[in-house]
Amino acid sequence: MPDEMRVTDEMRAIVGKVMRETVSYPIAVSDIRKWAVAVYYPEVPPRLYWDEDYAARSRWGGIVAPEDFNPFAWMTRTPSPDDPPVSQTAFSERELGVEPPRHRALLLTEIRATHSGVRMRPGDVIRSTHKISGYFEREGRMGHMLYTTLSHELFNQRDEWIRTVDSVFARY
Amino acid sequence: MASPDTIAVGDELPAFVREGTVHHWNRFAAANCEFAAHHWDDEVARHEGFPSAFAMAPLQHAYLHAMLRDWLGEDGRIVAVAIRLRSPFLRGRTLTAGGRVTGIRREGGETLADLDLWETDEEGTSIATGTATVALPDRS
């Protein structure tokens, strides 16, 4: 394992390669409700996220999830709990056979989401591709930091694109 | 609710304010299965160089979505939201999210608004900055 927080040739070689796909279980109404309650707490979230009668009369014709909803929390269909464990975020390189640099801590520093307008709904099965889309190094408050951009593209069961999220993690 | 007829460059969105407590963060941890110890254990956070436990970045990103949605109403479309974390949202502080319209344009038959976003605490600390683009609901 490299001791320094530097981008190696091996790391550069895996940029843009899909490291895995994740497939959700069908989204439950209660998944959406819990997400909305958590985000809006202590206020009551908008009815579109929890009131089926209200949502049925809306232009959406039923409950939809907030755009930032995570359909992969807790457990996924793929990989399943029976599959070999996948790497933690900090060690994404390992999924493509590259040893990540040793680090003390990991921080999420930036999130960039682009939404298609296709909403996630109860019953949807969401598929996500994961890849490292870039590295850069910079001196920060915590010393020399290695920044890694992880890109996720989400699609529903009809292969409609839902959103792309770029998350930038700093390792130091 | 925001619409092409009612907004102008320079308009500010109603603020979205949330306390930084475990009551808030535990709910999000449960919804997002996000249990990194630095979000609830001050000692772990200090070991990583922070004064205390701090909020989850996806929750701060979600707060910006919620603020935009409250302003847009159900019919508007959130096109893009980017957030850059500047300082941790520390336990015991109060976060105020805000936004300002920086541009309005027509594209693909839609009216799009570009916005600058921010999150600050009560001491004036910049917790996060960001940008967003939304498609405004057509009222005509």
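All values reported here derive from a predicted model rather than from experimental measurement. Naming convention: chains lettered A, B, ... in sequence-line order (proteins, then strands); numbering from 1 in each chain.
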When every non-hydrogen atom of N70(A) is compared with those of N32(B), the smallest separation belongs to ND2-OD1, 2.7 Å
Okay, F69(A) and chain B: the region with an atom under 4.5 Å from a heavy atom over there is neither
The interface call for S167(A) against chain B, heavy-atom contacts under 4.5 Å, is neither
Nearest heavy-atom contact between H38(B) and L107(A) is CE1-CD2, 4.5 Å
Exercise. Please examine the side chains of P58(B) and L108(A), heavy atoms only from C-beta on, and report whether any two atoms are closer than 4.5 Å.
Key: yes
Max heavy-atom pairs within cutoff under 4.5 Å with chain A, candidates L64(B), D70(B), V81(B), goes to V81(B)
Practice problem: Check whether any side-chain heavy atom of P42(A) lies under 4.5 Å from a side-chain heavy atom of H24(B), and answer yes or no. | Solution: yes
So CH2 of W35(A) and CZ of F28(B): to nearest 0.5 Å the spacing works out to 3.5 Å
Answer key: most heavy-atom pairs under 4.5 Å with chain B among E43(A), M75(A), R163(A) is E43(A)
Original post:
With a 4.0 Å cut-off, would you call R77(B) and E67(A) a salt bridge?
Top reply: no
Check: Under a 4.5 Å cut-off applied to non-hydrogen side-chain atoms, are Y172(A) and E48(B) in contact?
Finding: yes
Please examine the side chains of R69(B) and Y40(A), heavy atoms only from C-beta on, and report whether any two atoms are closer than 4.5 Å.
yes
Turns out that what part of H23(B) lies under 4.5 Å from chain A's heavy atoms comes down to both
When rounded to the nearest 0.5 Å, the distance separating CG of L48(A) from CG of D75(B) is 9.5 Å
Task: Salt-bridge present (R86(B), E110(A); N to O < 4.0 Å) - done: no
